[in-house]
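Model, not experiment: these values are computed from the prediction. Letters A, B, ... are given to chains in the order of the sequence lines, protein chains preceding strands, and every chain is numbered from 1.
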2 protein chains.
Amino acid sequence: MDHSRTYSIRQLSKEFDVTARALRFYEDKGLIHPERKGQTRLYSARDRARLQLILRGKRLGFSLIEIHEILDLYTPKDHGVAQMRATLGKYRGQIETLKRQREDIDAAIHDMQDGCVWLEGEITKVEAENLKADNA
Amino acid sequence: MDHSRTYSIRQLSKEFDVTARALRFYEDKGLIHPERKGQTRLYSARDRARLQLILRGKRLGFSLIEIHEILDLYTPKDHGVAQMRATLGKYRGQIETLKRQREDIDAAIHDMQDGCVWLEGEITKVEAENLKADNA
DNA sequence: CCATATGTTTACGTTGACGTCAATGTAAAC
DNA sequence: GTTTACATTGACGTCAACGTAAACATATGG
């Protein structure tokens with residue numbers, strides 16, 4: 001994890017399996033701010049980290065706007081205690097959101113596991129009947 | 001949880017805070033199939049349960065198409081052992097998907113909690129400095 | 001009897017998140 | 001030097017997931 005190297009748009013898009021178009025789109029929406037060497041974009045390790053956060057946010061079903069707000073929480077801006085307290089509140093709100101989401105996931109996993117157990121039972125049932133029929 | 005009663009479109013939309021338009025849309029996409037008394041829709045407890053699953057899927061960031069496939073897993077269709085085995089595979093795949101998603105969530109929660117701790121530290125730091133300045 | 005509330009279908013509008021060109025630049029490879 | 005590969009910026013297209021508006025039926029209370 002070399003912190004000083006840079007990445008081309010192709011390298012990043014390949015590594016994370018997103019299109020270059022998507023990366024430019026994220027930049028357009030203010031989610032990443034890669035440097036420019038002339039015209040071409042140079043992504044830093046920090047940009048890479050932000051991209052990881054973006055993609056994780058997407059996997060969790062957040063919109064780009066929401067992800068933008070989340071990313072803002074990661075960029076330190078110490079504008080007085082009041083601001084910091086407000087940011088702290090946002091952190092906690094975000095944690096609550098995520099926890100609720102985890103409850104949803106846990107419920108879904110349990111449902112699916114119950115379904116698995118039931119289905120396995122049904123399959124063994126049918127197989128038992130097939131055996132009985134074979135022996136008749 | 002009376003299993004025999006029915007719900008109007010308004011009742012459901014109010015209870016789950018979705019518009020009637022959305023409910024009709026979900027029906028259009030084949031996600032729910034309420035009965036009709038004449039023209040008007042009558043939602044059963046089963047439809048209500050499916051709606052819950054739909055909304056949970058949405059909260060988890062699944063598309064309506066994906067949710068449709070998930071819902072299919074909930075509707076029993078015993079078409080031979082081969083089909084059941086295939087369905088079992090889909091169940092397990094879905095479980096894996098959900099578990100990966102939970103790892104994402106856990107990571108995000110940890111990040112946010114780290115951020116909280118750090119921010120709390122910064123705030124107390126600044127407060128300490130303010131105190132020092134007051135005593136000077 | 002009429003207003004109000006709730007229901008319906010059909011159709012077009014909108015927003016988000018990109019995809020898909022087109023026209024152009026640049027840099028390495030042959 | 002020219003082809004090849006990858007870069008750029010617009011501009012328009014597209015798909016999902018609804019919103020919104022029009023035009024109408026049904027029923028219920030005052």
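Residues forming a side-chain contact (heavy atoms from CB on, under 4.5 Å) with A:H33 (at least two apart in sequence, or on another chain): none.
Closest approach to the A:T40 side chain among C:dT8, D:dA7, D:dT9 is made by D:dA7 (side chain taken as heavy atoms from C-beta onward). The nucleotide whose nearest atom lies closest to any side-chain atom of A:R41 is, among D:dT9, D:dA7, D:dA17, D:dT9. With D:dA17, D:dA7, C:dT8 as the choices, the nucleotide that has an atom nearest any side-chain atom of A:I9 turns out to be D:dA7.
A:L42 has its CG atom 14 Å from the C1' atom of D:dC6, to the nearest Å. Rounded to whole Å, the distance from CD1 on B:I54 to P on D:dA17 is 11 Å. We find that CG of B:L12 is positioned 15 Å from P of C:dT6, with the value rounded to whole Å. What separates CD of B:Q39 from P of C:dT8 is a distance of 8 Å, to the nearest Å. Regarding B:L51, its CG atom lies at a distance of 15 Å from the P atom of D:dA17, rounded to whole Å.
Without hydrogens or angle criteria, A:Q101 side chain to A:L60 main chain gives a donor-acceptor distance under 3.5 Å. Between the side chain of B:Y91 and the backbone N or O of B:L73 there is at least one donor-acceptor pair closer than 3.5 Å.
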Cut-off 3.5 Å, no hydrogens considered: what does the side-chain donor-acceptor table look like for residues 110-118 of chain A, sequence neighbours left out?
| from | atom 1 | to | atom 2 | distance (Å) |
| --- | --- | --- | --- | --- |
| A:H110 | ND1 | A:D106 | O | 3.0 |
| A:D111 | OD2 | B:R56 | NH2 | 2.8 |
| A:D111 | OD2 | B:Y74 | OH | 3.4 |

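A heavy-atom distance below 4.0 Å to DNA chain C is reached by these residues of residues 14-37 of chain A, ordered by number: A:T19, A:R21, A:A22, A:F25, A:Y26.
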Checklist entry - Should A:E66 and A:K29 be marked as a salt bridge (Lys or Arg N to Asp or Glu O under 4.0 Å) after you check the CA-CA gap, both sets of side-chain angles, and the distance that decides it? => result CA-CA 12 Å; A:E66 288 168 328; A:K29 296 296 166 181; over 6 Å; no
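Under a 4.0 Å N-O distance rule, the pair B:E69/B:K90 does not qualify as a salt bridge.
Residue A:K58 places at least one side-chain N or O closer than 4.0 Å to OP1 or OP2 of C:dC18.
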